Amino acid sequence: MTDQPQLRANPVFAALDTPDLDQALAWAEALRGHVGGVKTGLEFFSANGADGVRRIVDLGLPVFLDLKFHDIPNTVAGAVRAVADLGAAIVNVHAAGGPAMLAAAREAAERPGRGTRPMVIAVTVLTSLDDSDLSAVGQSVPARDQVVRLAQLAQSEGLDGVVCSPAEITAIRAACGADFKLIVPGIRPSWAATGDQKRITTPAQARDDGADILVIGRPITGADDPGAAAERIADELGQ
Ligand code: C5P
């Protein structure tokens with residue numbers, strides 16, 4: 001028996017990147033049955049708050065609430081408890097918050113007698129930062145090494161996995177083993193526009209490389225028929 005929350009078979013979580021509640025609800029409705037879950041983040045939460053998240057959760061799809069908490073352990077624990085109460089299936093925190101913060105986040109996700117706990121995932125190094133950005137904030141370790149170090153730290157504090165780029169899957173899988181969940185954005189089906197993503201991979205390639213969850217936004221939400229686009233991706237993955 002594992003105490004890890006179970007994932008649905010379809011590994012695709014659609015990113016609902018909008019501050020507009022009605023738009024997010026319309027996308028989520030259209031995607032029900034075609035994706036494994038949806039991701040919503042700071043933009044949506046800042047505009048719609050906990051009530052907005054509850055409206056999405058109430059549609060019945062697993063929700064990855066991508067708020068990337070980073071604060072002192074007590075504050076992060078309170079925030080994780082609050083979003084667990086909203087019914088989020090996946091929550092995340094910055095691994096750079098350190099061991100005590102990670103342990104507090106993981107502990108706060110426990111919900112004895114109140115249903116399944118959310119999966120607690122760490123963000124390692126933001127992919128918007130390169131080695132020179134890291135050096136500007138006083139960190140001399142190359143980004144790639146820091147990603148693996150923070151993934152191992154998150155694992156040792158009992159977190160379920162990390163968010164990582166397609167290029168980082170192999171190194172983290174090698175360092176953290178088969179059970180550590182890898183949530184991967186930067187995915188583009190061959191038929192979709194690249195947009196501003198620079199280092200991309202296809203859904204099947206990411207899955208074959210070892211990704212557990214594929215976060216895909218605009219190829220789905222920007223399509224004329226988001227449900228059909230999501231279904232096409234599911235077909236390509238053999239779902
Ligand atoms: O539209 P697109 O598929 O590029 O959306 C990807 C989603 O994953 C967005 O919500 C984006 O913020 C998120 N993300 C990312 N790259 C990261 C971390 C998160 O694209 N390194």
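Predicted model, so just to flag it, every value in this text is computed and none were measured. Ligands are counted one by one from 1 in listed order, and the atoms in each one are counted from 1 as well.
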Mind checking whether D17 and E43 have side chains closer than 4.5 Å, heavy atoms only? yes
Is there a donor-acceptor contact under 3.5 Å linking the side chains of D20 and T18? no
Is there any N or O on R188 that sits under 3.5 Å from an N or O of ligand 1? yes
Suppose I only count heavy atoms of A15 and a 4.0 Å limit; which atoms of ligand 1 are within that range? 7 (C), 10 (O)
Closest protein heavy atom to atom 21 (N) of ligand 1, given as residue, atom name and distance to 0.1 Å: T127 OG1, 2.5 Å
Compute the shortest N/O to N/O distance between P219 and ligand 1 and return yes if it is under 3.5 Å, no if not. no
What protein heavy atom sits nearest atom 12 (O) of ligand 1, and how far off is it? K39 NZ, 4.2 Å
Would you mind running through ligand 1 and noting each atom that sits below 4.0 Å from a heavy atom of R218? 1 (O), 2 (P), 3 (O), 4 (O)
Side-chain ion pair, R207 and D209, N-O less than 4.0 Å: no
Any side-chain donor paired with an acceptor under 3.5 Å for Q239 and D235? no
The answer for which part of Q197 has a heavy atom under 4.0 Å from ligand 1 is side chain
Under 4.0 Å, counting heavy atoms only: does D17 come that close to any atom of ligand 1? yes
Restricting to side-chain hydrogen bond (donor to acceptor under 3.5 Å, both in side chains), what partner residues turn up for Q146, sequence neighbours left out? Q139
Hey, does the side chain of R106 reach the backbone of V120 with a donor-acceptor pair shorter than 3.5 angstrom? no
Any idea which protein heavy atom is nearest atom 19 (C) of ligand 1, and the distance to it? P185 CG, 3.7 Å
Mark up the atoms of ligand 1 that fall under 4.0 Å of a heavy atom belonging to V215, in ascending order. 7 (C), 8 (O)
H70 and H94 aromatic ring geometry - parallel, tilted or perpendicular at 30°/60° bounds: tilted
